[in-house]
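Below is a structure I'd like to ask you about.
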Amino acid sequence: MSVRTRFAPSPTGYLHIGGVRTALYSWLHARQHQGRFVLRIEDTDVERSTHEATAAILEGMAWLGLDWDEGPFYQMQRMERYRAVLAEMVAAGSAYHCYCSREEVEAMRELQRANGEKPRYDGRCRTRREPRADVAPVIRFRSPDTGETVVEDIIHGTVRFRNSELDDLIIARSDGTPTYNFCVVVDDWDMQITHVIRGDDHLNNTPRQIQILQALGATPPIYAHVPMILGPDKQKLSKRHGAVSVLQYREMGYLPEALLNFLVRLGWAHGDQEVFTREEMIALFHIEEVNKAASAFNPEKLLWLNAQHLQRLPAADLAQRLAPYLVAQGLDAPACAQGPHLAAVADLLRERAKTLVEMAEAAVFFYRAPQQWEAKDAEKHLRHQGALLSELHGALAAAEPWGASAIHAVIQDLAARYEGKMGKVAQPLRVAVAGKAVSPPIDLTLALLGREETLSRLERARRWAESRG
RNA sequence: GCUCCCAUCGUCUAGUGGUCCAGGACACCGGCCUCUCACGUCGGUAACAGGGGUUCGAACCCCCUUGGGAGCGCCA
């Protein structure tokens with residue numbers, strides 16, 4: 001049988017980092033087995049589900065390149081099917097109507113808790129014959145009282161649950177809508193999911209789902225419960241840890257492949273390899289090698305990985321990814337088209353930027369002359385340098401042909417006359433042109449900027465220096 | 001409280017009974033490179049939670065303790 005996996009988020013919020021990792025593992029598993037990856041939206045919680053959340057999930061998946069082969073399926077559109085299965089189960093006696101009020105059940109649980117027991121429904125409606133006229137019943141699954149249910153988990157191994165621990169759970173609300181544990185089972189069954197890969201917070205639900213599957217006469221899928229991702233402080237990952245939504249990472253200038261690479265390594269390793277391409281992940285990842293322990297999210301390592309992937313991107317590709325971030329810096333397309341070739345700029349900037357946002361910030365001066373110089377840098381490198389700037393202007397105006405080596409020669413010649421240090425010349429030049437004391441190598445920078453723009457910026461700096469004495 | 005899961009450097013991990021006085025990566029600290037900032041490179045600090053077993057031998061197997069997490073919803 002060919003592999004079929006699924007990702008089944010509920011649209012009650014953004015697509016978060018933890019969800020992405022289980023999606024990634026499921027996707028990877030399907031891809032490496034030439035299987036199918038199914039996307040299913042679990043929207044049966046009408047109260048909390050929103051269209052915005054659904055849209056954010058789809059957008060996040062698309063950005064990450066986690067493409068699905070089937071779906072998205074929406075559970076709300078499968079109500080008829082659920083009702084039919086529910087009716088069959090009631091008819092077969094594997095489920096029954098329960099007329100207990102919420103208050104009654106709550107009182108029951110309260111008492112059990114007081115006695116130090118695990119709160120559970122006692123099954124008092126199992127044998128009820130007559131419906132209560134004034135209450136809309138829920139439907140409960142009739143769970144076996146004896147024996148045990150065994151989960152064979154790819155990651156955790158064999159996990160045993162005594163059936164006496166599991167009570168008769170509600171599978172349909174009093175308004176007739178089915179609940180989570182029931183929907184997943186029917187869906188995974190109908191969609192012929194072979195491998196259920198999900199967070200290990202679901203491990204405790206699994207025996208119940210297996211029991212329902214058995215009552216339905218279906219064969220349970222293979223389960224893999226992956227550990228959770230914690231915040232850097234080892235606490236449950238939440239908003240106070242900063243970004244948890246994938247789309248925020250896009251905003252912050254991360255590459256999807258870097259985020260995926262980071263996530264795949266959280267709980268899994270392939271020897272000493274740290275950097276993986278999408279193809280390598282598909283080829284090398286194995287769900288059975290995933291760790292059992294939860295792992296902490298490490299933002300510094302993600303940043304480093306992002307830099308690694310920035311390093312490896314072809315220049316043209318890099319430029320294309322960078323463009324939207326330039327717009328965010330206030331540069332429009334025409335402005336960029338007039339300046340130096342973006343691929344060349346990006347290529348120059350890549351090894352000193354860890355995110356696309358940083359790279360965009362560093363790229364701005366190539367397309368827009370600095371409005372003012374960084375005060376400290378101007379004070380240190382421009383002031384009293386009128387003569388030097390003037391000489392530089394003259395020499396660069398004469399440099400032939402305009403290019404890094406000619407520019408380099410100009411700087412060297414001048415440096416020989418200014419204490420012999422390159423820095424004595426390069427720094428004033430850098431501040432004049434870039435507006436600050438940090439930029440890529442100055443010869444390469446000027447070569448890209450162009451002679452005309454360079455001279456005009458130099459001239460402005462010279463006037464400033466002379467006006468300041 | 002009950003049930004289930006988990007436990008190697010600060011963090012991500014390698015390690016599946018001897019080749020481990022525990023390897024790699026991020027971060028951190030130092031050197032080198034250098035026109036700035038970075039990149040790169042060389043080196044350093046740093047861990048098998050504790051206690052019992054099993055074994056000639058345990059990071060690796062078993063048990064207990066401790067610590068962490070999850071579940072116990074007409075949420076998913």
Side-chain angles (χ1 to χ4, degrees), chain A residues 8-12 42-45 47-49 75 98 100 102 105-106 109 112-120 136-140 151 153 155-156 159-162 164-167 169-181 183-184 199-207 225 227-228 230 232-236 262 265-275 291-305 307 311 349-354 362 377 381 408 411-412 415 421-431 434 436-443:
Chain A
S10 69
T12 52
E42 310 219 322
D43 55 355
T44 53
D45 183 353
E47 302 284 304
R48 298 192 299 154
S49 296
Q75 291 187 322
C98 167
C100 295
R102 292 170 200 249
V105 174
E106 191 40 50
R109 286 199 269 256
Q112 290 161 332
R113 256 189 274 263
N115 290 335
E117 291 165 34
K118 183 178 185 170
R120 51 201 300 285
V138 298
I139 298 175
R140 286 184 185 272
V151 179
D153 191 276
I155 294 169
H156 292 272
V159 184
R160 300 168 178 282
F161 294 84
R162 285 183 296 285
S164 58
E165 290 294 332
L166 306 168
D167 65 353
L169 79 158
I170 292 176
I171 54 178
R173 304 179 179 90
S174 48
D175 66 2
T177 58
T179 59
Y180 168 73
N181 278 111
C183 295
V184 219
D200 68 8
D201 48 338
H202 287 286
L203 186 53
N204 284 297
N205 288 326
T206 308
H225 287 93
M228 320 220 65
L230 310 173
D233 55 359
K234 284 277 191 177
Q235 296 300 112
K236 188 171 175 167
F262 173 72
R265 277 286 287 102
L266 222 52
W268 174 80
H270 180 71
D272 287 340
Q273 187 171 350
E274 297 288 350
V275 181
N291 266 179
K292 294 188 237 195
S295 42
F297 187 91
N298 181 185
E300 282 90 22
K301 187 143 186 181
L302 170 59
L303 199 56
W304 176 80
L305 269 172
Q311 247 38 257
L349 256 19
R350 72 197 320 165
E351 72 189 23
R352 61 210 90 222
K354 291 198 189 307
D377 296 337
H381 300 294
H408 192 81
I411 297 170
Q412 247 173 348
K421 288 187 182 156
M422 293 277 283
K424 285 288 174 189
V425 178
Q427 283 303 80
L429 181 52
R430 172 169 280 122
V431 176
K436 54 186 185 299
V438 174
S439 87
I442 197 64
D443 47 1

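Every chain is numbered from 1 and lettered A, B, ... according to where its sequence line falls, protein lines coming before strand lines. Just so we're clear, the structure is a prediction, and the values are computed from it rather than from any experiment.
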Under 3.5 Å, is there a donor-acceptor pair linking the side chains of A:Gln427 and A:Arg430?
yes
In Watson-Crick or G-U wobble terms, with both distances under 3.5 Å, the base opposite B:G1 is B:C72
Students often get this wrong, so: under 4.0 angstrom with heavy atoms, is A:Pro207 touching a base, only sugar-phosphate, or nothing?
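Result for A:Pro207 = nothing.
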Heavy-atom check, side chain of A:Lys236 versus side chain of A:Met228, under 4.5 Å
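A side-chain contact under 4.5 Å is absent here.
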Base of B:C39, side chain of A:Arg352 - is there a donor-acceptor contact under 3.5 Å?
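There is none.
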Side chain of A:Lys236 (C-beta onward), nearest among B:A70, B:U3, B:C74
B:A70
Taking A:Ala437's backbone N and O only, do any of them form a donor-acceptor pair with A:Asp377's side chain (distance below 3.5 Å, no angle check)?
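A pair under 3.5 Å: yes.
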Given B:A70, is OP1 or OP2 found less than 4.0 Å from the side-chain N or O atoms of A:His202?
no
Starting from C1' on B:C6, measure out to CG on A:Leu230 and report it in whole angstrom.
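Atom-to-atom, A:Leu230 to B:C6, this comes out as 11 Å.
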The side chain of A:Ala269 is closest to which nucleotide in this list: B:C39, B:A14, B:C5?
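Selected nucleotide: B:A14.
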Among B:C72, B:C35, B:U3, find the nucleotide with the atom closest to the side chain of A:Pro119.
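Selected nucleotide (nearest to the side chain): B:C72.
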Over all strands shown, is A:Glu42 touching base, sugar-phosphate only, or nothing at heavy-atom distances under 4.0 angstrom?
sugar-phosphate
Between B:C35, B:U3, B:C74, which nucleotide gets closest to the side-chain atoms of A:Arg102?
B:C74
Over all strands shown, is A:Val159 touching base, sugar-phosphate only, or nothing at heavy-atom distances under 4.0 angstrom?
sugar-phosphate
Nearest heavy atom decides the nucleotide; on that basis, is A:Ala296 or A:Ile155 closer to the 5' end of RNA chain B?
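Result of the comparison: A:Ile155.
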Given the P atoms of B:C6 and B:C62, what is the spacing between them in whole Å?
11 Å
Taking pairing as Watson-Crick or G-U wobble with both contacts under 3.5 Å, can you name the mate of B:A7, or confirm there isn't one?
B:U66
Identify whether any heavy atom of A:Arg162 sits under 4.0 Å from a base atom; if not, whether one sits that close to sugar-phosphate; answer base, sugar-phosphate or nothing.
sugar-phosphate
With respect to the phosphate group of B:C12, does any side-chain polar atom (N or O) of A:Lys234 fall under 4.0 Å of OP1 or OP2?
yes
Do the side chain of A:Gln112 and the main chain of A:Arg120 share a donor and acceptor less than 3.5 angstrom apart?
yes
Specify the separation, in whole Å, of atom CG of A:Asp167 and atom P of B:C2.
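Result: 18 Å.
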Quick one, A:His408 with A:Met422, criterion side-chain contact (heavy atoms from CB on, under 4.5 Å). Give me CA distance, side-chain angles, the key distance, then yes/no.
CA-CA 10 Å; A:His408 192 81; A:Met422 293 277 283; 3.5 Å; yes
Is the phosphate of B:G73 approached by A:Arg109 (side-chain N or O, under 4.0 Å from OP1 or OP2)?
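For B:G73, OP1 or OP2 has a side-chain N or O of A:Arg109 closer than 4.0 Å.
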How far, in whole Å, is B:A76 from B:A27 if one measures between their C1' atoms?
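My reading of the C1' atoms in B:A27 and B:A76 gives 36 Å.
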Considering every strand and a 4.0 Å limit on heavy-atom distances, what is the contact class for A:Pro440: base, sugar-phosphate, or nothing?
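Touches a base.
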Between atom CG in A:Asp377 and atom P in B:C35, what is the gap in whole Å?
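It is 18 Å, rounded to the nearest whole Å.
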In whole angstroms, how far is the P atom of B:C2 from the CZ atom of A:Arg120?
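Rounded to the whole Å, the gap is 15 Å.
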Check against side-chain contact (heavy atoms from CB on, under 4.5 Å), A:Phe161 and A:Thr206
CA-CA 10 Å; A:Phe161 294 84; A:Thr206 308; 5.9 Å; no
Do the side-chain N or O atoms of A:Lys301 get closer than 4.0 angstrom to the phosphate oxygens (OP1, OP2) of B:U11?
no
Rounded to whole Å, please give me the gap between CZ in A:Arg265 and C1' in B:U13.
5 Å
When the distance from CG of A:Asn205 to P of B:C5 is rounded to whole Å, what number comes out?
15 Å
For A:Trp304 and B:C39, give me the distance from atom CH2 to atom P, rounded to whole Å.
12 Å
Within the 4.0 Å heavy-atom criterion, would you say A:Phe262 contacts the bases, only the backbone, or no part of the nucleic acid?
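No contact at all - A:Phe262 keeps every heavy atom at 4.0 Å or more from the nucleic acid.
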Decide yes or no on side-chain contact (heavy atoms from CB on, under 4.5 Å) for A:Val275 and A:Leu305, but give the supporting numbers first.
CA-CA 7 Å; A:Val275 181; A:Leu305 269 172; 4.1 Å; yes
Which whole number of Å gives the distance between the C1' atom of B:A38 and that of B:C12?
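Comparing C1' positions in B:A38 and B:C12 gives a spacing of 25 Å.
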If you look at every strand shown and take non-hydrogen atoms under 4.0 Å, does A:Gly267 touch a base, only sugar-phosphate, or nothing?
sugar-phosphate
Tell whether A:Asp200 reaches the base of B:C6 with its side chain through a donor-acceptor pair below 3.5 angstrom.
no
Spacing of A:Leu305 atom CG relative to B:C12 atom P, expressed in whole Å
15 Å
Nearest nucleotide by nearest heavy atom, which residue falls closer to the 5' end of RNA chain B, A:Thr44 or A:His270?
A:His270
Using a 4.0 Å heavy-atom cut-off, does A:Asp45 contact any base of the nucleic acid, only the sugar-phosphate backbone, or nothing at all?
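A:Asp45: backbone/sugar contact only, no base atoms under 4.0 Å.
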Looking across every strand, which nucleic acid part, if any, lies under 4.0 Å from A:Leu266 by heavy atom: base, sugar-phosphate, or nothing?
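Counting heavy atoms under 4.0 Å across all strands, the contact made by A:Leu266 is with sugar-phosphate only.
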Does A:Glu165 reach a base, just sugar-phosphate, or nothing at all? Heavy atoms under 4.0 Å.
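Answer is sugar-phosphate: A:Glu165 comes under 4.0 Å of backbone atoms only.
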So for A:Gln273 and B:G24, does any side-chain atom that can act as donor or acceptor lie under 3.5 Å from a complementary atom in the base?
no
So, under a plain 3.5 Å distance rule, would you say the side chain of A:Asp272 forms a donor-acceptor pair with the base of B:A14?
no
N/O (side chain, A:Ser295) to phosphate O (OP1/OP2, B:U11) under 4.0 Å:
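For A:Ser295, the contact criterion (side-chain N or O under 4.0 Å from OP1 or OP2 of B:U11) is not met.
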Can you classify the ring geometry of A:Tyr180 versus A:His202 as parallel (below 30°), tilted (30 to 60°) or perpendicular (above 60°)?
tilted
Pair assignment for B:U19, Watson-Crick or G-U wobble, requiring both distances under 3.5 Å
none
